[in-house]
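Labels below follow one simple rule: chain letters A, B, ... track the order of the sequence lines, proteins then strands, and each chain is numbered from 1.
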Amino acid sequence: MHNIKFIRENSELFDNEMKKRKIEGISKIILDLDNKLRSFKTKSQVLQNKRNLVSKKIGQLIRESKNVSTLQEEVKNYKNSLINLEVSIKKTNLELDKILINLPNLLDNEVPIGFSEKDNKLIKTWGKKPSFEFSPKDHVTIGEKFNQMDFKVGAKLSGTRFVLLKNEMALLERALTSFMIDINVLEFGHLEVSPPYLVNSEALIGTGQLPKFADDLFKTESDKWLIPTAEVPLTNIVRNEILDEDKLPIKLVSHTPCFRSEAGAAGKDTRGMIRQHQFSKVEMVSIVKPDESNQELLRLTKCAEKILQKLKLPYRVVILCSEDTGFSSSKTFDIEVWLPGQQNGKGEFREISSCSNCKDFQSRRMNARFRDKETKQLSFVHTLNGSCLAVGRTMIAIIENYQQSDGSVIVPDVLQKYMYGKKVIFLDQNENF
RNA sequence: GGAGAGGUGGCCGAGUGGUUUAAGGCGCACGCUUGGAAAGCGUGUAUAGUAGCAAUACUAUCGAGGGUUCGAAUCCCUCUCUCUCCGCCA
């Protein structure tokens with residue numbers, strides 16, 4: 001949510017910034033409504049003041065047993081005007097809010113202007129792509145060959161874009177989760193949180209998924225929504241709070257399933273586990289003071305990279321261009337992992353983490369502030385989030401990068417202690433039902 | 001799911017229609033006092049918005065939203081959360 005005062009004082013700058021998001025000339029519409037609203041408010045407040053004064057007088061006169069009918073008539077007249085004004089105020093307010101709540105965040109100056117993911121800017125590349133003496137398979141071929149990844153049963157139970165993992169695949173998911181959380185807690189110093197997976201609309205408005213992106217979410221019949229990411233509950237922890245400066249920064253990590261309807265992705269990534277309605281993710285959220293958020297975004301990105309480095313999975317980091325940067329984000333680094341089994345064995349980089357600095361965009365929607373210890377001033381906190389990592393896609397990356405000619409998969413060193421000491425998985429396809 | 005009791009400032013807590021401009025206390029900040037501290041005394045201590053260059057004034061907010069009234073923390077309705085008991089349940 002944007003600061004209306006900022007728009008008033010920087011309307012031209014604001015329009016230029018919104019243009020990067022393909023929104024043209026919006027400030028005039030906003031400011032016209034704003035002017036209208038303020039004039040209604042001023043009029044209303046003058047009348048309210050008069051009403052309050054006369055009502056008080058009536059109280060005094062009644063105590064003195066004097067006649068008050070003339071004054072009562074007078075107040076009734078104010079009341080009629082007030083009712084009309086209140087209707088106008090509400091209507092104008094709704095119109096203004098509807099516009100503001102649907103406007104995306106301002107982009108950071110470092111965000112490249114672009115029109116597709118081709119315009120994302122490469123920041124760095126890490127690791128060496130594995131070379132195979134055979135044509136590398138994708139995770140579906142391997143997972144189904146060993147009967148550990150069952151899309152048929154997934155579809156039977158729930159429909160398309162659901163999967164059932166068996167045996168070592170289920171273990172791998174659990175192992176990865178534990179490994180990622182352990183590093184987050186022990187090395188990064190993040191506080192582990194286990195949040196609700198169902199949230200109310202207010203929470204989703206706070207982080208920016210609502211009202212604009214309702215189609216991407218699953219809604220229950222009791223007006224609760226399944227979380228599309230742990231970012232939603234974790235960030236909303238500070239909604240409507242005034243935090244002591246001492247409490248900041250708050251650095252959280254959480255493992256949750258994520259639920260997405262993938263409404264806009266019909267026909268896209270239909271093969272395999274890359275794009276599912278339900279997937280597991282370890283998510284980091286930071287609540288920081290404004291002058292710390294740039295640094296914190298770099299730190300979060302490094303945290304996610306560190307996991308990939310420990311797993312020895314090759315990746316690259318890109319900064320998203322204007323078109324690709326999410327609604328709530330001012331600047332986003334995506335980490336893309338190398339998946340050698342994709343494109344019929346040619347391989348491709350696919351997003352495995354997304355780290356965003358939302359600055360004060362979410363905190364304004366949530367009304368999340370902190371009090372400066374020295375000046376006692378209130379300011380909006382900055383909020384950041386990043387995956388560390390998407391567990392499903394990490395499984396894919398391990399299978400495809402660590403596969404051997406017989407289809408078995410080497411377990412990365414750091415995971416072995418989480419996998420009953422196994423060094424290789426997918427050796428026997430007859431173990432499973 | 002059923003029955004009941006509740007939600008008042010940073011915290012405790014008074015307040016059942018008009019001297020409430022939310023009493024009183026605690027905490028916190030500053031000042032006086034002191035060799036220093038404590039105690040004592042005094043002053044101050046919410047958020048948002050509107051008008052104004054500003055000092056300041058005004059408006060709204062007593063869980064949320066409606067309603068009644070000249071006037072609502074107080075009366076009515078809806079919702080929500082907390083607590084107690086019962087039922088069900090991992």
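Between the side chains of A:S27 and A:D15, at least one donor N or O lies within less than 3.5 Å of an accepting N or O. Of the N and O atoms on the side chains of A:Q48 and A:S44, at least one donor lies less than 3.5 Å from an acceptor on the other residue. Donor-acceptor pairing under 3.5 Å is recorded for the side chains of A:Y315 and A:Q309.
Regarding A:E86, its CD atom lies at a distance of 17 Å from the P atom of B:rU50, rounded to whole Å. Taking atom NZ of A:K56 as the reference point, atom P of B:rU19 lies 8 Å away to the nearest angstrom. Distance, A:N367 CG to B:rA46 C1': 13 Å, rounded to whole Å. Between the P atom of B:rU59 and the CG atom of A:L82 lies a distance of 12 Å, rounded to the nearest Å.
Annotation: of the two residues near RNA chain B, A:V46 and A:K376, the 5′-most nearest-nucleotide partner is A:K376. Summary of the strand contacts: A:K57 and A:K41 both lie near RNA chain B, and taking for each the nucleotide with the nearest heavy atom, the more 5' one is attributed to A:K57.
Closest to the side chain of A:I62, from the set B:rG66, B:rU59, B:rC70, is B:rC70. Taking only side-chain atoms of A:K5, from C-beta outward, the nucleotide of B:rG66, B:rU47, B:rG49 with the closest atom is B:rG49. In this structure, the nucleotide among B:rC70, B:rU50, B:rU59 sitting nearest to the side chain of A:Q72 is B:rC70. Of the candidates B:rG66, B:rC70, B:rU59, B:rC70 carries the atom nearest the A:S55 side chain, counting heavy atoms from C-beta on. In this structure, of B:rC70, B:rA48, B:rG49, it is B:rG49 that holds the atom nearest to the side chain of A:Q45. Here the nucleotide nearest the side chain of A:R369, chosen from B:rA48, B:rG71, B:rU59, is B:rA48. Each of B:rU21, B:rU50, B:rA46 was ranked by its minimum atom distance to the side chain of A:T42; first place goes to B:rU50.
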Problem - Test log, rule ring pair (Phe, Tyr, Trp, His ring centres under 6.0 Å), inputs A:F361 and A:F327 - result: CA-CA 10 Å; A:F361 184 79; A:F327 179 80; 5.6 Å; yes
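To the nearest whole angstrom, the two P atoms, one in B:rG66 and one in B:rA60, are 14 Å apart. Taking atom P in both B:rA64 and B:rU8, one finds a spacing of 10 Å when rounded to whole Å. Look at the C1' atom in both B:rG42 and B:rA46: the space between them is 23 Å, to the nearest Å. B:rC62 sits 11 Å from B:rA72 when the P atoms are compared, rounded to a whole Å.
The side chain of A:R38 places an N or O atom within less than 4.0 Å of a non-bridging phosphate oxygen (OP1 or OP2) of B:rA51. Residue A:N52 has a polar side-chain atom (N or O) positioned under 4.0 Å from OP1 or OP2 of B:rA60. Between A:N49 and B:rU59, a side-chain N or O to OP1/OP2 separation shorter than 4.0 Å is present. Residue A:R51 places at least one side-chain N or O under 4.0 Å from the OP1 or OP2 atom of B:rA60. At the phosphate of B:rG71, OP1 or OP2 sits under 4.0 Å from a side-chain N or O atom of A:K79.
Using a 4.0 Å heavy-atom criterion, one finds that A:R8 contacts the sugar-phosphate atoms exclusively. A:K36 comes within 4.0 angstrom of no nucleic acid atom, judged by non-hydrogen atoms across all strands.
Using the Watson-Crick or G-U wobble rule with both distances under 3.5 Å, B:rC62 pairs with nothing in any strand shown. The nucleotide B:rG87 finds no pairing partner, because no Watson-Crick or G-U wobble arrangement with both distances shorter than 3.5 Å includes it. Pairing for B:rU56 goes to B:rA51, judged as Watson-Crick or G-U wobble with the two contacts each under 3.5 Å. Using Watson-Crick or G-U wobble geometry with both donor-acceptor distances under 3.5 Å, B:rU69 finds no partner in any strand shown. When Watson-Crick and G-U wobble pairs are counted only if both distances are under 3.5 Å, B:rU45 pairs with B:rG27. Figure legend. B:rA39 is base-paired to no nucleotide; pairs are counted as Watson-Crick or G-U wobble with both atom distances under 3.5 Å. With both pairing distances under 3.5 Å, B:rA5 is matched to B:rU82 as a Watson-Crick or G-U wobble pair. For B:rU19, there is no paired nucleotide, since no Watson-Crick or G-U wobble pair has both relevant distances below 3.5 Å.
A distance of 8.0 Å separates CG in A:N102 from NZ in A:K98, rounded to the nearest 0.5 Å. Distance check: A:R260 CZ to A:D215 CG gives 15.0 Å after rounding to the nearest 0.5 Å. Taking CD from A:E192 and CD1 from A:I181, the interatomic distance works out to 4.5 Å, rounded to the nearest 0.5 Å.
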